[in-house]
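All heavy atoms count here, side chains included; hydrogens, waters and symmetry mates do not.
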Amino acid sequence: MEILKLKPVLKDYLWGGQKLKKDFGFESELEKVAEGWMLSCHKDGMNLIENGEYAGRTLESVIEQEGKETIVGTRSLDFPYFPVLIKLIDAKDNLSIQVHPDNEYAQRVENEFGKTEIWYVLDADEDAKLIYGFKEKITSDEFKKAIEENTLLDVLNVVNVKKGDLFFIEAGTVHAIGKGTLIAEIQQNSNSTYRVYDYGRVGADGKPRDLHIKKAVDVSITEPAKHKTNPMGEAIDCKDYVSTLLTECDLFTVHHYDVRKKIELETNEKTFHHILVVNGNGKINEIPFKKGDSFFVPANFGKYTICGEAEIIITNL
(Lines give C-alpha, C1' and ligand atoms only; values in the text may rest on other atoms or scores of the structure.)
Protein backbone atom coordinates (compact mmCIF):
# COMPACT_ATOMS: atom_id res chain seq x y z
CA MET A 1 0.00 0.00 0.00
CA GLU A 2 1.24 3.48 -0.87
CA ILE A 3 1.97 6.53 1.30
CA LEU A 4 -1.19 8.63 1.54
CA LYS A 5 -1.23 12.43 1.30
CA LEU A 6 -4.01 13.89 3.45
CA LYS A 7 -6.09 16.99 2.83
CA PRO A 8 -6.48 19.09 6.00
CA VAL A 9 -9.90 19.80 7.49
CA LEU A 10 -10.12 23.55 8.19
CA LYS A 11 -12.05 25.15 11.07
CA ASP A 12 -12.98 28.85 11.34
CA TYR A 13 -13.36 29.42 15.09
CA LEU A 14 -13.66 33.08 16.12
CA TRP A 15 -10.15 33.28 17.67
CA GLY A 16 -8.33 32.13 14.51
CA GLY A 17 -6.07 34.10 12.19
CA GLN A 18 -4.47 34.02 8.74
CA LYS A 19 -1.19 32.15 9.30
CA LEU A 20 -2.44 28.77 8.14
CA LYS A 21 -3.53 30.36 4.85
CA LYS A 22 -0.60 32.72 4.35
CA ASP A 23 2.31 30.78 5.87
CA PHE A 24 1.19 27.20 5.29
CA GLY A 25 -0.59 27.71 1.96
CA PHE A 26 -3.96 26.28 3.00
CA GLU A 27 -6.55 27.21 0.40
CA SER A 28 -9.88 28.24 1.85
CA GLU A 29 -12.70 30.74 1.39
CA LEU A 30 -12.99 30.97 5.18
CA GLU A 31 -12.17 34.42 6.52
CA LYS A 32 -10.30 32.89 9.47
CA VAL A 33 -8.62 29.51 9.69
CA ALA A 34 -8.18 28.67 13.35
CA GLU A 35 -7.31 24.99 12.98
CA GLY A 36 -6.14 22.55 10.35
CA TRP A 37 -6.97 18.96 11.26
CA MET A 38 -3.99 17.19 9.71
CA LEU A 39 -4.79 13.61 10.79
CA SER A 40 -8.41 12.93 11.63
CA CYS A 41 -10.91 10.11 11.50
CA HIS A 42 -13.24 11.99 13.86
CA LYS A 43 -16.89 12.45 12.91
CA ASP A 44 -16.49 16.25 13.21
CA GLY A 45 -13.97 16.32 10.37
CA MET A 46 -12.34 13.52 8.38
CA ASN A 47 -9.30 13.80 6.13
CA LEU A 48 -9.69 13.06 2.45
CA ILE A 49 -6.84 11.37 0.56
CA GLU A 50 -5.30 13.49 -2.20
CA ASN A 51 -3.15 11.00 -4.13
CA GLY A 52 -3.10 7.54 -5.68
CA GLU A 53 -5.81 4.93 -6.04
CA TYR A 54 -7.71 6.12 -2.95
CA ALA A 55 -7.86 9.80 -3.97
CA GLY A 56 -11.11 11.46 -2.89
CA ARG A 57 -11.91 8.92 -0.19
CA THR A 58 -11.70 9.42 3.55
CA LEU A 59 -8.83 7.85 5.41
CA GLU A 60 -11.37 6.15 7.66
CA SER A 61 -13.08 4.41 4.72
CA VAL A 62 -9.74 3.04 3.49
CA ILE A 63 -8.91 1.74 6.97
CA GLU A 64 -12.31 0.04 7.14
CA GLN A 65 -11.78 -1.53 3.70
CA GLU A 66 -8.19 -2.68 4.14
CA GLY A 67 -8.37 -3.56 7.83
CA LYS A 68 -7.43 -1.63 10.95
CA GLU A 69 -4.70 -4.06 11.97
CA THR A 70 -3.15 -3.93 8.49
CA ILE A 71 -3.23 -0.14 7.98
CA VAL A 72 -3.04 1.35 11.48
CA GLY A 73 -1.06 -1.52 13.04
CA THR A 74 -1.43 -4.10 15.77
CA ARG A 75 -1.03 -1.46 18.51
CA SER A 76 -4.32 0.04 17.33
CA LEU A 77 -6.13 -3.07 18.55
CA ASP A 78 -5.73 -1.62 22.05
CA PHE A 79 -8.13 1.14 21.00
CA PRO A 80 -11.75 0.72 19.82
CA TYR A 81 -11.37 3.81 17.59
CA PHE A 82 -8.69 5.53 15.49
CA PRO A 83 -6.46 6.64 18.36
CA VAL A 84 -5.09 10.12 17.55
CA LEU A 85 -6.07 13.48 16.10
CA ILE A 86 -3.39 15.95 14.97
CA LYS A 87 -3.95 19.67 14.45
CA LEU A 88 -2.22 22.90 13.55
CA ILE A 89 -3.66 25.74 15.65
CA ASP A 90 -3.31 29.47 14.87
CA ALA A 91 -4.40 31.54 17.87
CA LYS A 92 -4.68 35.17 16.78
CA ASP A 93 -6.77 35.73 19.90
CA ASN A 94 -6.99 33.91 23.23
CA LEU A 95 -8.76 30.57 23.23
CA SER A 96 -11.35 29.98 25.93
CA ILE A 97 -10.13 28.52 29.21
CA GLN A 98 -11.18 24.88 29.11
CA VAL A 99 -10.64 21.35 30.33
CA HIS A 100 -11.03 17.89 28.81
CA PRO A 101 -12.42 14.79 30.56
CA ASP A 102 -10.55 11.54 31.07
CA ASN A 103 -11.61 8.29 29.40
CA GLU A 104 -13.90 7.09 32.18
CA TYR A 105 -15.92 10.31 32.42
CA ALA A 106 -16.04 10.95 28.66
CA GLN A 107 -17.26 7.45 27.87
CA ARG A 108 -19.94 7.65 30.55
CA VAL A 109 -21.15 11.18 29.78
CA GLU A 110 -20.17 11.99 26.17
CA ASN A 111 -20.07 8.51 24.59
CA GLU A 112 -16.52 9.06 23.36
CA PHE A 113 -13.05 8.89 24.81
CA GLY A 114 -11.25 11.49 26.87
CA LYS A 115 -8.57 13.85 25.69
CA THR A 116 -4.95 14.03 26.71
CA GLU A 117 -2.78 16.08 24.34
CA ILE A 118 0.58 17.72 23.78
CA TRP A 119 1.34 21.18 22.42
CA TYR A 120 4.53 21.85 20.47
CA VAL A 121 5.00 25.58 19.91
CA LEU A 122 5.91 26.30 16.28
CA ASP A 123 5.93 30.08 16.64
CA ALA A 124 5.01 32.65 19.26
CA ASP A 125 4.89 36.42 19.58
CA GLU A 126 7.35 37.92 22.05
CA ASP A 127 4.69 38.39 24.73
CA ALA A 128 2.74 35.16 24.06
CA LYS A 129 1.41 33.25 27.06
CA LEU A 130 -0.75 30.25 27.85
CA ILE A 131 -2.60 28.86 30.85
CA TYR A 132 -1.37 25.56 32.30
CA GLY A 133 -3.08 24.29 35.45
CA PHE A 134 -3.35 26.14 38.76
CA LYS A 135 -0.86 28.24 40.72
CA GLU A 136 -1.50 26.15 43.81
CA LYS A 137 -3.91 23.48 44.99
CA ILE A 138 -7.51 24.54 45.62
CA THR A 139 -10.74 22.67 46.27
CA SER A 140 -13.42 21.97 43.68
CA ASP A 141 -15.74 24.33 45.58
CA GLU A 142 -13.12 27.08 45.41
CA PHE A 143 -12.74 26.43 41.68
CA LYS A 144 -16.50 26.72 41.15
CA LYS A 145 -16.63 29.91 43.24
CA ALA A 146 -13.78 31.46 41.21
CA ILE A 147 -15.70 30.78 37.98
CA GLU A 148 -18.95 32.23 39.37
CA GLU A 149 -17.27 35.31 40.86
CA ASN A 150 -15.12 35.98 37.77
CA THR A 151 -11.84 35.57 39.68
CA LEU A 152 -10.64 32.45 37.83
CA LEU A 153 -7.68 34.22 36.23
CA ASP A 154 -6.32 34.96 39.71
CA VAL A 155 -5.79 31.26 40.54
CA LEU A 156 -4.57 29.89 37.20
CA ASN A 157 -0.93 29.37 36.22
CA VAL A 158 0.14 31.68 33.36
CA VAL A 159 3.27 30.62 31.45
CA ASN A 160 5.36 32.59 28.95
CA VAL A 161 5.93 30.64 25.73
CA LYS A 162 8.45 30.65 22.92
CA LYS A 163 9.13 28.63 19.78
CA GLY A 164 10.21 25.08 20.60
CA ASP A 165 8.37 24.80 23.92
CA LEU A 166 6.43 21.62 24.68
CA PHE A 167 3.50 21.09 27.05
CA PHE A 168 1.89 17.80 28.09
CA ILE A 169 -1.80 18.47 28.79
CA GLU A 170 -3.13 15.53 30.77
CA ALA A 171 -6.91 15.09 30.75
CA GLY A 172 -8.30 17.13 33.65
CA THR A 173 -5.72 19.93 33.30
CA VAL A 174 -7.33 23.37 33.00
CA HIS A 175 -5.60 25.13 30.09
CA ALA A 176 -5.81 27.72 27.33
CA ILE A 177 -3.69 28.71 24.35
CA GLY A 178 -2.91 32.42 24.38
CA LYS A 179 -3.03 34.87 21.48
CA GLY A 180 -0.03 35.09 19.19
CA THR A 181 0.77 31.39 19.39
CA LEU A 182 1.05 28.80 16.59
CA ILE A 183 0.92 25.23 17.84
CA ALA A 184 1.07 21.64 16.62
CA GLU A 185 -1.31 19.60 18.78
CA ILE A 186 -1.24 15.81 19.04
CA GLN A 187 -4.20 14.50 21.02
CA GLN A 188 -6.47 11.59 21.68
CA ASN A 189 -9.18 11.26 19.06
CA SER A 190 -11.83 13.18 20.97
CA ASN A 191 -13.65 16.50 20.68
CA SER A 192 -15.03 16.69 24.24
CA THR A 193 -14.22 20.15 25.61
CA TYR A 194 -15.67 21.92 28.66
CA ARG A 195 -15.41 25.71 28.51
CA VAL A 196 -15.10 27.51 31.86
CA TYR A 197 -14.23 31.10 30.84
CA ASP A 198 -14.41 32.93 27.52
CA TYR A 199 -13.45 36.56 28.20
CA GLY A 200 -17.07 37.68 27.74
CA ARG A 201 -17.06 36.97 24.01
CA VAL A 202 -20.09 36.21 21.88
CA GLY A 203 -20.49 33.72 19.05
CA ALA A 204 -21.65 34.26 15.47
CA ASP A 205 -25.25 34.44 16.74
CA GLY A 206 -24.41 37.43 18.95
CA LYS A 207 -24.97 35.43 22.15
CA PRO A 208 -22.36 34.50 24.78
CA ARG A 209 -20.85 31.09 24.10
CA ASP A 210 -21.97 28.29 26.41
CA LEU A 211 -19.99 27.48 29.53
CA HIS A 212 -19.90 23.96 30.95
CA ILE A 213 -19.26 24.69 34.61
CA LYS A 214 -20.66 21.56 36.26
CA LYS A 215 -18.83 19.18 33.91
CA ALA A 216 -15.62 21.20 34.21
CA VAL A 217 -15.73 21.07 37.99
CA ASP A 218 -16.43 17.33 37.82
CA VAL A 219 -13.31 16.53 35.76
CA SER A 220 -10.72 19.18 36.66
CA ILE A 221 -7.51 18.49 38.58
CA THR A 222 -7.51 21.59 40.82
CA GLU A 223 -3.78 21.77 41.52
CA PRO A 224 -0.56 22.61 39.66
CA ALA A 225 0.01 20.50 36.55
CA LYS A 226 1.94 17.29 37.30
CA HIS A 227 4.10 17.45 34.20
CA LYS A 228 6.92 19.92 33.80
CA THR A 229 7.01 21.99 30.65
CA ASN A 230 9.42 20.83 27.96
CA PRO A 231 9.42 17.12 28.96
CA MET A 232 11.23 16.26 25.73
CA GLY A 233 14.32 14.16 25.29
CA GLU A 234 17.79 15.37 24.39
CA ALA A 235 18.39 16.28 20.75
CA ILE A 236 20.51 13.69 18.93
CA ASP A 237 22.64 15.01 16.08
CA CYS A 238 22.98 12.35 13.36
CA LYS A 239 24.80 14.56 10.81
CA ASP A 240 22.11 14.36 8.11
CA TYR A 241 19.36 15.15 10.63
CA VAL A 242 18.71 16.05 14.28
CA SER A 243 16.21 13.89 16.17
CA THR A 244 14.34 14.87 19.35
CA LEU A 245 11.84 12.72 21.23
CA LEU A 246 8.99 15.06 22.16
CA THR A 247 6.72 12.62 23.99
CA GLU A 248 6.42 8.91 24.62
CA CYS A 249 3.33 7.70 26.51
CA ASP A 250 0.74 4.94 26.32
CA LEU A 251 -1.32 6.99 23.83
CA PHE A 252 1.25 8.11 21.25
CA THR A 253 4.94 8.67 20.56
CA VAL A 254 6.07 11.90 18.89
CA HIS A 255 9.46 12.80 17.40
CA HIS A 256 10.71 16.08 15.97
CA TYR A 257 13.25 15.98 13.14
CA ASP A 258 15.34 18.73 11.59
CA VAL A 259 16.27 17.10 8.29
CA ARG A 260 19.42 18.58 6.78
CA LYS A 261 19.86 16.10 3.97
CA LYS A 262 17.99 12.83 4.46
CA ILE A 263 16.64 10.35 6.96
CA GLU A 264 15.53 6.74 6.53
CA LEU A 265 12.63 5.51 8.66
CA GLU A 266 10.51 2.38 8.76
CA THR A 267 7.04 1.24 9.76
CA ASN A 268 6.36 -2.31 10.90
CA GLU A 269 3.33 -4.36 11.87
CA LYS A 270 2.85 -2.43 15.12
CA THR A 271 2.14 1.11 13.96
CA PHE A 272 1.66 3.64 11.17
CA HIS A 273 3.68 6.88 10.93
CA HIS A 274 2.08 10.29 10.47
CA ILE A 275 4.35 12.93 8.93
CA LEU A 276 3.57 16.61 9.48
CA VAL A 277 5.77 19.06 7.57
CA VAL A 278 6.03 22.27 9.57
CA ASN A 279 8.78 23.90 7.50
CA GLY A 280 10.88 23.35 4.39
CA ASN A 281 10.45 21.02 1.43
CA GLY A 282 11.76 17.85 -0.13
CA LYS A 283 10.57 14.35 -1.03
CA ILE A 284 9.25 11.30 0.77
CA ASN A 285 10.54 8.57 -1.52
CA GLU A 286 9.43 10.14 -4.82
CA ILE A 287 6.53 12.17 -3.43
CA PRO A 288 7.33 15.91 -3.21
CA PHE A 289 6.32 17.78 -0.07
CA LYS A 290 6.23 21.34 1.22
CA LYS A 291 5.39 23.19 4.42
CA GLY A 292 1.90 22.29 5.62
CA ASP A 293 1.74 18.85 4.00
CA SER A 294 0.48 15.81 5.87
CA PHE A 295 1.18 12.14 5.08
CA PHE A 296 0.04 8.78 6.44
CA VAL A 297 2.55 5.94 6.11
CA PRO A 298 0.69 2.66 6.69
CA ALA A 299 1.87 0.00 9.10
CA ASN A 300 3.90 -2.68 7.32
CA PHE A 301 4.97 -0.20 4.63
CA GLY A 302 8.60 -0.80 5.51
CA LYS A 303 11.48 1.57 4.84
CA TYR A 304 11.00 5.04 3.39
CA THR A 305 13.36 7.97 2.92
CA ILE A 306 12.80 11.67 3.53
CA CYS A 307 15.18 13.88 1.54
CA GLY A 308 15.48 17.66 1.62
CA GLU A 309 15.77 20.44 4.17
CA ALA A 310 12.74 20.37 6.41
CA GLU A 311 11.32 20.41 9.91
CA ILE A 312 8.92 17.53 10.46
CA ILE A 313 6.93 15.97 13.29
CA ILE A 314 6.33 12.22 13.16
CA THR A 315 3.68 10.55 15.32
CA ASN A 316 3.12 6.83 15.86
CA LEU A 317 1.56 4.54 18.44
key: Ion pair Lys145/Asp141, N-O distance below 4.0 Å   = no

Residue pair Thr139, Thr222: steps toward the side-chain contact (heavy atoms from CB on, under 4.5 Å) verdict = CA-CA 6 Å; Thr139 67; Thr222 54; 5.8 Å; no

task = Is it possible for you to say whether Ile263 and Phe301 belong to one hydrophobic cluster, with membership spreading through side-chain heavy-atom contacts below 4.5 Å?
result = yes

key: Considering all heavy atoms, the nearest Ala171-Thr116 contact   = N-OG1, 3.0 Å

inquiry  = Distance check, rounded to the nearest 0.5 Å: Tyr257 atom OH versus Ile314 atom CD1?
reply    = 5.5 Å

Salt bridge present between Lys290 and Asp293 (N-O < 4.0 angstrom) = yes

key: Flag, side chain of Tyr132 to backbone of Phe168, donor-acceptor distance under 3.5 Å   = yes

ask   = Would you call the rings of Tyr105 and Tyr194 parallel, tilted or perpendicular if under 30° counts as parallel and over 60° as perpendicular?
value = perpendicular

key: Residue pair Lys32 / Lys92, side-chain heavy-atom distance below 4.5 Å   = no

query = If we only count heavy atoms from C-beta on, is the Val202 to Lys207 side-chain gap below 4.5 Å?
reply = no

Gap between atom CD of Glu35 and atom CD of Glu185 - 0.5 Å precision = 7.0 Å

task = Would you mind reporting whether Ile186 and Thr247 have side-chain heavy atoms less than 4.5 Å apart?
result = no

request  = Find out whether Met1 and Phe296 are in side-chain contact, i.e. whether some heavy atom of one side chain is under 4.5 Å from a heavy atom of the other.
outcome  = no

inquiry  = Please report whether the ring centroid of Phe113 lies less than 6.0 Å from that of Phe79.
reply    = no

task = Flag yes if Val174 and Ile89 sit in one hydrophobic cluster, no otherwise; membership is Ile, Leu, Val, Met, Phe, Trp, Tyr, and two members link when side-chain heavy atoms are under 4.5 Å apart.
result = no

request  = May I ask you to check whether Thr151 and Glu149 show a side-chain donor-acceptor distance below 3.5 Å?
outcome  = no

query = In Å, rounded to the nearest 0.5 Å, how long is the span from CZ of Phe24 to CG of Leu88?
reply = 5.5 Å

task = Could you tell me whether the side chain of Val254 reaches within less than 4.5 Å of the side chain of Ile313, counting heavy atoms only?
result = yes

key: Worked verdict on Asp165 versus Lys162 for salt bridge (Lys or Arg N to Asp or Glu O under 4.0 Å)   = CA-CA 6 Å; Asp165 282 349; Lys162 64 184 184 304; 3.0 Å; yes

ask   = Are Phe272 and Phe82 close enough that their ring centres sit under 6.0 Å apart?
value = yes

message = Tell me whether the count of non-hydrogen atoms from other residues, nucleotides or ligands lying under 6.0 Å of CD in Glu148 goes above 12.
response = yes

Leu10 to Gly36 - nearest heavy-atom pair and separation = CD2-CA, 3.9 Å

ask   = Would Thr315 and Leu39 satisfy side-chain contact (heavy atoms from CB on, under 4.5 Å), going step by step from the backbone distance to the final call?
value = CA-CA 10 Å; Thr315 301; Leu39 175 63; 6.0 Å; no

query = Crowded around Glu266 CD? As in, over 12 foreign heavy atoms under 6.0 Å?
reply = yes

query = Counting only heavy atoms not in Lys7, do more than 12 fall under 6.0 Å of its NZ?
reply = no

ask   = Within a strict 4.5 Å, meaning less than it, do heavy atoms of the Leu59 and Tyr54 side chains meet?
value = no

query = Does Glu142 CD have over 12 foreign heavy atoms under 6.0 Å away?
reply = yes

key: Heavy-atom donor-acceptor pair, Asn94 side chain to Gly178 backbone, under 3.5 Å   = no

key: Stepwise side-chain contact (heavy atoms from CB on, under 4.5 Å) check, Trp37 with Lys87   = CA-CA 4 Å; Trp37 291 19; Lys87 302 175 181 177; 3.5 Å; yes

ask   = Are Glu2 and Asn51 linked by a side-chain donor-acceptor pair shorter than 3.5 Å?
value = no

query = Within a radius of less than 6.0 Å around NZ of Lys19, do more than 12 heavy atoms belonging to other residues, nucleotides or ligands occur?
reply = yes

inquiry  = Looking at every heavy atom in both Ala299 and Glu269, which two are closest together, and how far apart are they?
reply    = CB-O, 4.3 Å

For the student: nearest non-hydrogen atoms of Val155 and Ala146, plus distance = CG2-CB, 4.5 Å

key: Reference residue Asn103; test side-chain hydrogen bond (donor to acceptor under 3.5 Å, both in side chains); the match among Lys115, Arg108, Gln188   = Gln188

task = May I ask you to check whether over 12 heavy atoms, not counting those of Lys291, lie within 6.0 Å of atom NZ?
result = yes

request  = Please round to the nearest 0.5 Å and tell me the distance separating atom OG1 of Thr181 and atom CG of Asp125.
outcome  = 7.0 Å

task = Report yes if some heavy atom in the side chain of Ser243 is under 4.5 Å from a heavy atom in the side chain of His255; otherwise report no.
result = yes

remark   = Minimal heavy-atom distance between Val161 and Lys129, with the atoms involved, is CG2-N, 4.0 Å

Asn111, CG atom: more than 12 neighbouring heavy atoms under 6.0 Å = no

request  = Using the side-chain contact (heavy atoms from CB on, under 4.5 Å) rule, take Phe167 and Val159 through it: C-alpha gap first, then chi angles, then the decisive distance, then the call.
outcome  = CA-CA 10 Å; Phe167 297 85; Val159 181; 4.0 Å; yes

query = Can Lys43 and Glu112 be counted as an ion pair, charged N to O under 4.0 angstrom?
reply = no

message = Please verify the inter-ring angle class for His100 with His175; under 30° counts as parallel, over 60° as perpendicular, anything in between as tilted.
response = tilted

ask   = Above 12 or not: heavy atoms from other molecules or residues under 6.0 Å from NZ of Lys68?
value = yes

Joint cluster assignment, Tyr13 & Val99, ILVMFWY side-chain distance < 4.5 Å = no

query = Should Leu6 and Phe289 be regarded as members of a common hydrophobic cluster, given that ILVMFWY residues are connected when their side-chain heavy atoms come within less than 4.5 Å of each other, either directly or indirectly?
reply = no

remark   = To the nearest 0.5 Å, atom CG of Leu182 lies from atom OH of Tyr120 at 11.5 Å

request  = Work out which heavy atom in Ile306 is nearest to a heavy atom in Ile275; give both atom names and the distance.
outcome  = CD1-CD1, 4.1 Å

query = Below 4.5 Å, heavy atoms only, C-beta onward: do Leu14 and Asp93 meet side chain to side chain?
reply = no

key: Check: Asp237 side chain, Lys239 main-chain N or O, donor-acceptor pair, under 3.5 Å   = yes

From Thr253 atom OG1 to Asn316 atom CG, the distance as rounded to the nearest 0.5 Å = 5.0 Å

task = For Ser190 and Ser192, indicate whether the former's side chain and the latter's backbone hold a donor-acceptor pair under 3.5 Å.
result = yes

key: Hydrophobic cluster identity match, Leu265 and Val297, side-chain contacts under 4.5 Å   = yes

